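This report concerns only the one structure given below.
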Amino acid sequence: MPVRPAQRWKAGRLLYGIIIASVLGLGTLGVVFAVGLAIANAKLAVERNPLVDKILEALPGVNCGACGMAGCAAYAEAVAARKAPPDLCAPGGPQVHMALAGLLGVEVQEKDKRYAVVHCNRTAAKPAVDYRGLSDCNAAMLYTDAIYGCEYACLGLGTCAEACPFGAIVMSAQRLPVVIEEKCTGCGICASVCPKNIISIEKESSFVHILCRSRDKGAVARRNCQRACIGCGRCAKVCPVDAIEIKDFLAHIDYEKCVSCGKCVEECPTGAIANFRQMRRRKASVA
Amino acid sequence: MPSGLHYTVDMGSFFTIIVSMVFVSNFVLARFLGLCPFIGVTKRTDSAFGMGMAVTFVMTLASAVTWIIHRFVLLPQSASGFNIFARFIGNDTSLVPVLKTVSYILVIATLVQFVEMFLRKSVPALYESLGIYLPLITTNCAVLGVALLNTTATEEVLTFPAATFQGFCAGVGFLLVMLLMSGIREHLETLPLPEAMKGVPIALVCTALMALAFMGFGGLI
């Protein structure tokens, strides 16, 4: 049966009525609430410490959480309330620390700049395991401990590079993370996401690092990786300040004692120790 | 007074509300609403208590305000002058359930914002102790749930005090379960559990057992 124009008009009017009622009604409610909130905001405005705004402005605003607070705003409030020291902002570095200290009228002890050091230099470039899951180290850890043979080695899936808020980590052709020191702020996010704990945050003034975390016996470690620390102890013997100690077949450097002389680097039979000062010079001469 | 709806208020019904909201149809364990804060904020007792208090507070206020909105703005039978919807759709109530959900979210979000401003100005101590939990419950489904339940006309419609009280009791039920769960989870932390069961998995197992236990209250009313 054909619908007469009058009927169609009636049905249409009801439909439009519903739409108009909903839009107008909810719109009106929304406007009323918005006006109410605006008035409340003006009437109930709390005198905010102007220092908080100044501090917030001085902070880099990346909300990385390296200071241990929920974000830059939380840290600014804590600093203004004198509940947190002004030198916790890792991304900001000395400049921001000085600025905050200036705002607060206090002195800060200048901290060394810190950056991330990757303690793995595995030689195996091809995976020993055919892992085809999520490209995330923590996900891979559910299936296997060792993609490249050594169970202490970097899994090479780039979770650290992904997590870095500053783009300071790139994955090399060997699928090893490379820290771009100019960009690294030492915030420590990469170290906290790495399931293998092979990234640590060290002072810029420490140049010599053990690039291995293998606690396997020497022979096993060597079979898995040409550049593994085999715990032979030659570095510990040659060290003039006794800064190296062998624990669980792995050399540990005491950074408090280390003078970065580099003798251990030359002595190491596998090349598991690196001198970052030389590497930096080489980089500088190339550039 | 609209025909077909009759109002009841007596002490018996208030007692029924307490038992029903706190135990029998507990929001977390029987209705499965508000599970996100339930799992997220029950790691420690003090934060669970803060969240529970904030939810109770907002639920009570939201129940009161949404009852007023429902009665005087949404329902076409209302005799009040400022009914917006009835002007366009007459006495047709079929739209009310749809508009209810949308307008309640609006109301609750506004309310929480307002309460936050108010507390910050007037009761800074309470504002500090509620902390982050107050803005977190803006979109908590348990708060929307209690508002919708209050205004769902079955055979009888709740009066204003009963609706507000029901909101309060729902919050108390939520607080109770939050405290129970946080107590359990603090003990679970020290247990030698298998790696895969640590944290949320074992918490959900405990939740299931608690829900079973709460089913025992079923015969009370």
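Because the structure is a prediction, the values reported are computed rather than measured. Chain letters run A, B, ... following the sequence lines, proteins first and then strands; every chain starts at 1.
Counted within 6.0 Å of CD on A:Glu57, heavy atoms from surrounding residues, nucleotides or ligands total 12 or fewer; the atom is thus considered open. Annotation for B:Lys198: atom NZ counts as buried by contact number, over 12 foreign heavy atoms lying within 6.0 Å. No more than 12 heavy atoms of other residues, nucleotides or ligands shown are found within 6.0 angstrom of CZ on B:Phe49. Around CZ of B:Phe168, the count of heavy atoms belonging to other residues, nucleotides or ligands within 6.0 Å does not exceed 12.
For residues 112-120 of chain B, the interface with chain A (any heavy-atom pair closer than 4.5 Å) comprises B:Gln113, B:Phe114, B:Met117, B:Phe118, B:Arg120, sorted by residue number.
The shortest heavy-atom contact between A:Leu26 and B:Ser103 is CD2-CB, 3.6 Å. Minimum heavy-atom separation, A:Leu37 to B:Thr110: CG-CG2, 3.7 Å. Nearest approach of B:Lys121 to A:Lys43, heavy atoms of both residues: CE-O, 4.4 Å.
With contacts defined as side-chain heavy-atom distances shorter than 4.5 Å, the pair B:Ile69/A:Leu29 qualifies.
Contact annotation for B:Val107: both backbone and side-chain heavy atoms come within less than 4.5 Å of a heavy atom of chain A.
B:Thr66 is linked by a side-chain hydrogen bond (donor to acceptor under 3.5 Å, both in side chains) to nothing, counting only residues two or more places apart in sequence or in another chain.
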